[in-house]
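Working notes, beginning with the structure itself.
Residue numbers count from 1 along this sequence. Note that this is a predicted model, so its numbers are computed, not measured. Remember, it's 1-based here, ligands and their atoms both numbered in the order they're listed. These numbers come from the heavy atoms of this one structure, side chains and all, not from hydrogens, waters or symmetry mates.
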Amino acid sequence: MKTSIATVSISGSLTEKLSAIAEAGYSGIEIFEQDFLAFDGGPKEVGRMIRDKGLEITLFQPFRDFECLPEPERSKAFDRAKRKFELMRELGTDLVLFCSSCHPRSLGGIDRAADDFAELGVIAKDMGVRVGYEALAWGRHVNDHRDAWEIVRRANHDNIGLILDSFHTLGRGIDPESIRSIPGDKIFFVQLADAPKIDMDLLYWSRHFRNMPGEGDLEVERFMRAVAATGYSGAVSLEIFNDQFRGGNPRTIARDGYRSLVALMDDVRRAEPDVALAPALEPVPMPPRVPTKGFAFVEFAAQGEARDDLAKLLGTLGFTRMAKHRNKALDLWQLGDVRIVINAETEGHAGKAWVANGTCVCDIGLKVGSAADAVARATALGAHTFEQPIAPGEILLPAIRGLGGSVVHFIGDEEGHDRVWDVEFEPIAGAKPAALGVTRIDHLAQTMSYDEMLSWTLFYSTLFDMQKSPMVDVIDPDGLVRSQIVEASDGALRLTLNGAETQRTLAGEFLARSFGASVQHIAFETEDLFALADDLAARGFEALPMSPNYYADLAARFDFQPELLERMKAANILYDRDERGEFFQIFSKQMAGGVFFELVQRATGYRGFGGPNAPFRIAAQKRLGRIKGMPER
Ligand SMILES: O=C(O)c1ccc(O)c(O)c1
Ligand SMILES: [Mg+2]
């Protein structure tokens, strides 16, 4: 597969950009003229620098306002083109992008444009370069790839071809199926970008809100399937103008882009099994998206007193310490099918996580059909595997690095990995699991900075068969938190991603001390929350106290039996409802480090997460004041 990315897509100096792009695994770059002009070194040096990184220059761009000009501007435009062709020779690239004119004096006319390009083709051929014509969605006369193609067709010159850009086609609502009738060898280059559906001026939308394929709402896959069907044999290249990416970490953004391209071409290949893809489009062979069967375990790093506090809290939540690891300072706590491991090792990943964060979730185990497939797909998408030394007799559980240094383990059904609990752990004599009706982990809430939300969503949705829901706002008394759900089609695995923009929100404060995306809360599902609340109260569980105003409002909004409302109020149970059913939830207080737990009951198929309650939950948590293990403000 031949992958490429435009230098505008990421932040940094040209040298920083090249390093990040090369490291992420791309084959080439589109060099944006701005990046060249800003660089303090000649074209030969830049060309050498790029090739030294193992990259090729797939495209030089953009050349603006060429076609349909009256004299004297027309001659000037041809002159300008010749100079840039010379520059390209020195850089070492033969392809340039001409975007459709926005010039106020451009006269328009398909034949006038075709004549200009036919004449330019002769010069281009002479100078050994090829010219690709792209319809900008806001071009003065040409703003549709079908018109650009007609111009290229009429120019009828070997050195003049078409450049397609998914944003300009899809952003304008043009049916990408129209691409299938263009001959593949006349498509000189293909640029890909997605974007969130926002109703705004096309130019502004394009220059600030593009994102990686799969991160937005456009039908980039359908666009690419149409391109692939033409026999197009060039690179697939990302051209992403995005304010956030321009200010982000170039390595992360470059890796996200690579992941999105590889996943996209894998999807295209599966969706178009009868199309023979050109070698440049043939994706890295990998297993399909991995079906997940839920959480196998959640592992906390906690030592000393913090470990005792966590153990005590788990006890009040009904968990039993069932087993301890034969060789390491690991305890297995269990409730129903939910497994929580407390890792008090001072060495290794958990030891480091403890030193960096205090009590925190340092590892997540996911149940999958085949762990080998999960690792194969993850690594093809650019993830790194994670390994720690194991003692004789221990089971090697495959793992990858998530984003931000996190670790995800795969517990494969096919590999029988769940025997790890018997093989590596020694049961605690007399320990008996409580029967409290808790069935499983309902969801896990990960807190991150707002800038990281797209990366995490892409991470999950390209690796697993998981979909994202629209992003919603959660109101914290001290700022806004954005929240997005990523869940498996069958609901077996659900995550809520919370993006904090300021440190003053509960999520932001947690983030500031946890140095990156971390699990902030874990929700357990039960069949009867009212019965569970009684059981847990007897075990000493203290629910997060809610304001009486909250219940007065519930009474006004819904028709409750007065006794039910009283029981909810007494147990601090929160309530929500959607068109499918009802939802009950209770929160724990935050423990040292800021992590907390949630207990939920989904009655008759409720699909949400109690979003409307979040502001009141956050306010209640803040009323309790700062907690141990949180940083000074
Ligand atoms: O926003 C622009 O001007 C611009 C320039 C070059 C491109 O390839 C493009 O898609 C947009
Ligand atoms: Mg473009």
At the 4.0 Å heavy-atom cut-off, does Glu33 count as touching ligand 1? no

Nearest to the Mg ion (ligand 2) - the N/O/S atom of Asp165, by atom name: OD2

Quickly, which of Asp267, Asp373, Asp465 forms a salt bridge (charged side-chain N to carboxylate O under 4.0 Å, His left out) with Arg289? Name it, please. Asp267

Only heavy atoms of Gln61, strictly under 4.0 Å: list the atoms of ligand 1 that pass. 6 (C), 7 (C), 8 (O)

Does at least one non-hydrogen atom of Trp138 fall below 4.0 angstrom from an atom of ligand 1? yes

So Phe117 and Phe98, would you call those rings parallel, tilted or perpendicular, with 30° and 60° as cut-offs? perpendicular

Taking only non-hydrogen atoms of Leu97 and a 4.0 Å limit, the atoms of ligand 1 in range are 8 (O)

Does ligand 1 come near enough to His168 that some N or O of the ligand is less than 3.5 Å from an N or O of the residue? yes

Numbered atoms and elements of ligand 1 in range of Leu136, under 4.0 angstrom, heavy atoms: 4 (C), 9 (C), 11 (C)

What atoms of ligand 1 come closer than 4.0 angstrom to any heavy atom of Gln191? 8 (O)

Check the orientation of Phe167 and Trp205. Use parallel for under 30°, tilted for 30 to 60°, and perpendicular for over 60°. perpendicular

Glu239 heavy atoms within 4.0 Å reach ligand 1 at atoms 6 (C), 7 (C), 8 (O), 9 (C), 10 (O)

Hey, does Phe241 sit under 4.0 Å from ligand 1 if you only count heavy atoms? yes

Counting neighbours of CG on Asp217 that are heavy atoms of other residues, nucleotides or ligands and sit closer than 6.0 Å, is the number greater than 12? yes

